[in-house]
S.K.: 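Before anything else, here's the structure in question.
Start at 1 with the first residue, then count along the sequence. For ligands, and for the atoms within them, numbers begin at 1 and follow the listed sequence. Excluded from the calculations below are hydrogen atoms, water molecules and symmetry mates; all remaining heavy atoms, backbone and side chain alike, are included.
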Amino acid sequence: MKVVLLTGGTGYIGSHTAVELIIAGYKVVIVDNLSNSSIDSIDGIQKITGVKPDFVKADCSVFSEIQALFDKYNGFSSVIHFAALKAVGESVEKPLEYYHNNLSSLINLLQLMKKWNGGNLVFSSSCTIYGQPDTLPVTEKSPYKPAASPYGNTKKIAEDILRDTINVSGSIKGISLRYFNPIGAHPTSEIGELPLGKPDNLIPFITQTAIGIREKLQIFGSDYDSVDGTAIRDYFHVVDLAKAHVLALKRLEENRNKTGFEVFNVGAGKGVTVLEIVKAFEKVSGVKLNYEIIGRRAGDIEKVWADTTFANAELNWKVQSTLEDALLTAWNWEKKLRVVRSEK
Ligand code: NAD
Ligand code: WQD
């Protein structure tokens, strides 16, 4: 059985990917320091798949901890690297924490993979590296824009580190998946997004407002160039994103990659406004959302959505779920959390 290491695997995207990898026949080993996730994800993964992944609590930014993990498993020839801090606003307040955590973790992993004869690495990148693109939809060939936050910069630098390392390595291959806006939860409601405190992202803010944790959603900006004046993003189901990781890993394992380091946009390929999201959520949930429109959020771009031609053709990947499916799973997950909270 092929073994794959998931760093940050108890987190939102990592836990959904663990499920898809187990379904695809992999043995999954998860390492996470639980700084932004709960150990309950392991039970959720087991409930969905019937298989409990191995779990090791360790910090990827501490070399000795990750070295011990590689020693324990005699290295890993396949790694999916999710572990990172991801709060854009917090990264502006604590840049060193973000640069240290996100970049040291990647460097440690690459050093250890090199020591253990190389292997395949799939990396969690982000559409944030495109900033506001000059042309839409945005392709992988679009230029990087200066990062609006230290968080965004860690993704840009991480891709540079990967490209430079892989160029000379001969033994490490990599795929960077540039995620657009993954949303929703597993349809079983056994795993989902667990934002700590007040959510920054739109969908958890909407579901928390609908369930009564937040009084109202504030919509940031109504003077953008869009049908209703609100900003446009490319939202897609997290389970579809999880499946993209399985396909990317298989491409590397089966040597179907065209170059040592490849990048793929991963999104629905369709732009949707904030107000369209609100309306779609109201329709699938049957809940009328309390919201107000206020000014723009600092650092926000106006619109972005993906050209996914490369992923469609080369990974044989495209979204399967609709926006409504994804929003319904997000809502079902929020309702499940309410039950869990009331039992505690
Ligand atoms: P998440 O916070 O739910 O998952 C990240 C996991 O990494 C958490 O479980 C956290 O505890 C762990 N972690 C962080 N630093 C660690 C360290 N030093 N050692 C071990 N574990 C560590 O976030 P997510 O939404 O699942 O994001 C996963 C990856 O995808 C991140 O790299 C993120 O930057 C990237 N990404 C996310 C989005 C999004 O919209 N969610 C979009 C683009 C890219
Ligand atoms: C979506 C839209 C907001 C909250 C973030 C990160 C980015 C990437 C993806 C990791 C925007 C609006 C939001 C609210 C609102 N993550 N909004 N009221 O801005 O596309 O990007 O996630 O790499 O780096 O910055 O996602 O969910 O925060 O916002 O009106 O309370 O919803 O202005 O237009 P975003 P988001």
Side-chain angles (χ1 to χ4, degrees), residues 6-17 30-39 41 56-62 65-66 69 80-89 91 97-98 100-106 108-109 123-131 147-149 151-152 154-155 158 176-183 191-196 198-206 208-209 214 216-222 224 226 230-236 238 241-242 245 266-267 272-275 277-278 291-304:
L6 302 197
T7 73
T10 46
Y12 174 46
I13 302 166
S15 57
H16 289 83
T17 304
I30 288 178
V31 59
D32 203 297
N33 64 1
L34 301 178
S35 59
N36 196 39
S37 57
S38 161
I39 190 68
S41 299
V56 176
K57 184 167 187 272
D59 188 330
C60 298
S61 69
V62 179
E65 294 189 17
I66 300 308
L69 174 73
I80 306 185
H81 182 43
F82 298 100
L85 296 172
K86 64 160 185 177
V88 175
S91 80
E97 269 184 42
Y98 273 68
H100 173 69
N101 189 73
N102 294 4
L103 299 178
S104 302
S105 298
L106 175 66
N108 289 342
L109 270 176
F123 176 69
S124 298
S125 188
S126 169
C127 67
T128 190
I129 64 173
Y130 295 121
S149 70
Y151 164 74
T154 68
K155 294 297 176 189
S176 181
L177 298 179
R178 293 176 178 168
Y179 314 158
F180 282 67
N181 292 63
I183 59 165
I191 51 174
E193 196 169 2
L194 274 179
L196 290 177
K198 196 171 161 191
D200 289 324
N201 295 115
L202 179 63
I203 307 306
F205 209 103
I206 286 179
Q208 289 195 4
T209 305
R214 311 275 154 209
K216 68 169 90 144
L217 168 74
Q218 294 187 317
I219 294 180
F220 303 133
S222 58
Y224 288 113
S226 72
T230 62
I232 299 177
R233 298 289 186 275
D234 184 340
Y235 303 91
F236 69 114
V238 67
L241 175 57
H245 291 82
V266 190
V272 178
T273 69
V274 178
L275 271 174
I277 289 283
V278 168
Y291 69 84
E292 65 176 343
I293 296 178
I294 63 163
R296 293 182 178 196
R297 180 170 68 177
D300 262 353
I301 59 159
E302 179 167 78
K303 47 177 135 179
V304 68

S.K.: Not counting sequence neighbours, which residues clear side-chain contact (heavy atoms from CB on, under 4.5 Å) with Ala148? List them please.
M.R.: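 Here no residue qualifies.
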
S.K.: What I want to know is whether Phe82 and ligand 1 share at least one N or O pair that is separated by under 3.5 angstrom.
M.R.: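 Min N/O separation from ligand 1 is below 3.5 Å for Phe82.
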
S.K.: Considering distance alone, does some N or O of Tyr151 sit under 3.5 Å from an N or O of ligand 1?
M.R.: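 Right, the criterion is met.
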
S.K.: Report yes or no: does a heavy atom of Ala58 sit under 4.0 Å from some atom of ligand 1?
M.R.: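 Yes, Ala58 has heavy atoms under 4.0 Å from ligand 1.
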
S.K.: Indicate the atoms forming the closest heavy-atom contact of Asn108 with Cys60, along with that distance.
M.R.: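 Minimum heavy-atom contact is ND2-O, 2.9 Å.
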
S.K.: Just to confirm my output: which protein heavy-atom neighbour is closest to atom 3 (O) of ligand 1, and how far is it?
M.R.: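 Checked against all protein heavy atoms, atom 3 (O) of ligand 1 sits closest to Tyr12 N, 2.8 Å.
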
S.K.: Testing the basics here: between His245 and Tyr179, what is the closest heavy-atom pair and its distance to 0.1 Å?
M.R.: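 Minimum heavy-atom separation between His245 and Tyr179: NE2-OH, 2.7 Å.
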
S.K.: Do Ser41 and Thr10 have side-chain N/O donor and acceptor atoms under 3.5 Å apart?
M.R.: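 Distance-only check fails for Ser41 and Thr10.
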
S.K.: The criterion is side-chain contact (heavy atoms from CB on, under 4.5 Å); which residues satisfy it with Ile39, sequence neighbours excluded?
M.R.: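 Once residues adjacent in sequence are excluded, the partners of Ile39 under the side-chain contact (heavy atoms from CB on, under 4.5 Å) criterion are Leu34, Ile42, Phe55.
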
S.K.: In terms of atom number and element, which parts of ligand 1 are under 4.0 angstrom from non-hydrogen atoms of Ser105?
M.R.: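 Counting from 1, the qualifying ligand atoms are 18 (N).
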
S.K.: For atom 39 (C) of ligand 1, what's the nearest protein heavy-atom neighbour? Residue, atom name and distance, please.
M.R.: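 Nearest neighbour among protein heavy atoms for atom 39 (C) of ligand 1, to 0.1 Å: Pro182 CG, 3.7 Å.
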
S.K.: Excluding sequence neighbours, so at least two apart, what forms side chain to side chain donor-acceptor pair (under 3.5 Å) with Tyr12?
M.R.: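 For Tyr12 there are no side chain to side chain donor-acceptor pair (under 3.5 Å) partners, ignoring immediate neighbours.
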
S.K.: Select one of side chain, backbone, both or neither to describe which atoms of Ala84 lie under 4.0 Å from any atom of ligand 1, heavy atoms only.
M.R.: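 Within the 4.0 Å criterion, Ala84 contacts ligand 1 through backbone and side-chain atoms alike.
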
S.K.: Tell me, which protein residue and heavy-atom name are nearest atom 11 (O) of ligand 1, and how many Å apart are they?
M.R.: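 Checking every protein heavy atom, the shortest distance to atom 11 (O) of ligand 1 gives Asp32 OD1, 2.6 Å.
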
S.K.: I need the atoms of ligand 1 closer than 4.0 Å to a non-hydrogen atom of Ser124, numbered in the order shown.
M.R.: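 Here the atoms of ligand 1 in question are 29 (C), 30 (O), 32 (O), 35 (C).
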
S.K.: For ligand 1, is any non-hydrogen atom under 4.0 Å from Leu34's backbone (N, CA, C, O), its side chain (CB onward), both, or neither?
M.R.: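 Within the 4.0 Å criterion, Leu34 contacts ligand 1 through backbone atoms alone.
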
S.K.: Spell out, as yes or no, whether a donor-acceptor pair under 3.5 Å connects the side chain of Thr7 to the backbone of Phe82.
M.R.: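 Confirmed, Thr7 side chain pairs with Phe82 backbone.
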
S.K.: Any atom of ligand 1 sitting under 4.0 Å from a heavy atom of Ser125?
M.R.: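 Ser125 counts as a contact of ligand 1 under the 4.0 Å cut-off.
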
S.K.: Which option out of Lys86, Arg178, Glu193, Arg233 puts a heavy atom nearest to atom 24 (P) of ligand 1?
M.R.: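 Looking at heavy atoms only, the winner is Lys86.
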
S.K.: Applying the side-chain contact (heavy atoms from CB on, under 4.5 Å) test to Ile206, which of Asn201, Val278, Ile183 qualifies?
M.R.: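 Among Asn201, Val278, Ile183, the one meeting side-chain contact (heavy atoms from CB on, under 4.5 Å) with Ile206 is Val278.
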
S.K.: Going by the closest heavy atom to atom 16 (C) of ligand 1, which one wins out of Ile13, Asn33, Asp200?
M.R.: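 Residue with the shortest heavy-atom distance to the ligand atom: Asn33.
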
S.K.: Is Thr7 close enough to touch ligand 1? Criterion: a residue heavy atom under 4.0 Å from a ligand atom.
M.R.: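 Judged by the 4.0 Å heavy-atom criterion, Thr7 does not count as contacting ligand 1.
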
S.K.: Any atom of ligand 1 sitting under 4.0 Å from a heavy atom of Lys155?
M.R.: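 Lys155 counts as a contact of ligand 1 under the 4.0 Å cut-off.
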
S.K.: With respect to His81, determine whether any N or O atom, backbone or side chain, lies less than 3.5 Å from an N or O atom of ligand 1.
M.R.: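 No, since none of the N or O atoms of His81 sits under 3.5 Å from an N or O of ligand 1.
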
S.K.: Locate the shortest heavy-atom distance separating Asp200 from Ala87; write the atom from each residue and the value.
M.R.: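 Heavy-atom minimum between the residues: OD2-CB, 4.0 Å.
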
S.K.: Taking any residue with a non-hydrogen atom under 4.0 angstrom from an atom of ligand 2, which ones do you get?
M.R.: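 Only Val88, Ser126, Thr128, Tyr151, Asn181, Asp200, Asn201, Leu202, Phe205, Leu217, Gln218, Ile219, Phe220, Ala231, Arg233, Tyr235, Val274, Arg297, Asp300 have heavy atoms that fall under 4.0 Å of ligand 2, ordered by chain and number.
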
S.K.: Measuring from atom 15 (N) of ligand 1, which candidate in Val56, Ile183, Asn101 has the nearest non-hydrogen atom?
M.R.: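 Minimum heavy-atom distance to atom 15 (N) of ligand 1 goes to Asn101.
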
S.K.: For ligand 1, which atoms have a heavy atom of Ser37 less than 4.0 angstrom away?
M.R.: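 Under 4.0 Å from Ser37, ligand 1 has these atoms: 8 (C), 9 (O), 11 (O).
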
S.K.: Counting from 1, what ligand 1 atoms have a heavy atom of Ser61 closer than 4.0 Å?
M.R.: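 That gives atoms 18 (N) of ligand 1.
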
S.K.: Mind checking whether Cys60 has an N or O less than 3.5 Å away from an N or O of ligand 1?
M.R.: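 Among all N and O atoms of Cys60, at least one is under 3.5 Å from an N or O of ligand 1.
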
S.K.: Just to be sure I'm reading this right: ignoring hydrogens, which of Tyr235, Tyr98, Tyr179, Phe123 gets closest to atom 43 (C) of ligand 1? Compare them by their nearest heavy atoms.
M.R.: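 Among Tyr235, Tyr98, Tyr179, Phe123, the closest heavy atom to atom 43 (C) of ligand 1 comes from Tyr179.
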
S.K.: Is any side-chain heavy atom of Glu302 less than 4.5 Å from a side-chain heavy atom of Arg296?
M.R.: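 Side-chain contact under 4.5 Å: yes.
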
S.K.: Backbone N or O of Ser61 within a donor-acceptor pair of the Ser104 side chain at under 3.5 Å?
M.R.: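 Not confirmed, Ser104 side chain does not pair with Ser61 backbone.
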
S.K.: Judged by non-hydrogen atoms, does Asp59 sit under 4.0 Å from ligand 1?
M.R.: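 It does; at least one heavy atom falls under 4.0 Å.
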
S.K.: I'd like to know if the side chain of Lys86 and the backbone of Tyr151 have a donor-acceptor N/O pair within less than 3.5 Å.
M.R.: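 Absent.
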
S.K.: Would a distance-only check, ignoring hydrogens and angles, find a side-chain to backbone donor-acceptor pair under 3.5 Å from Gln208 to Arg214?
M.R.: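 Checked: no pair found.
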
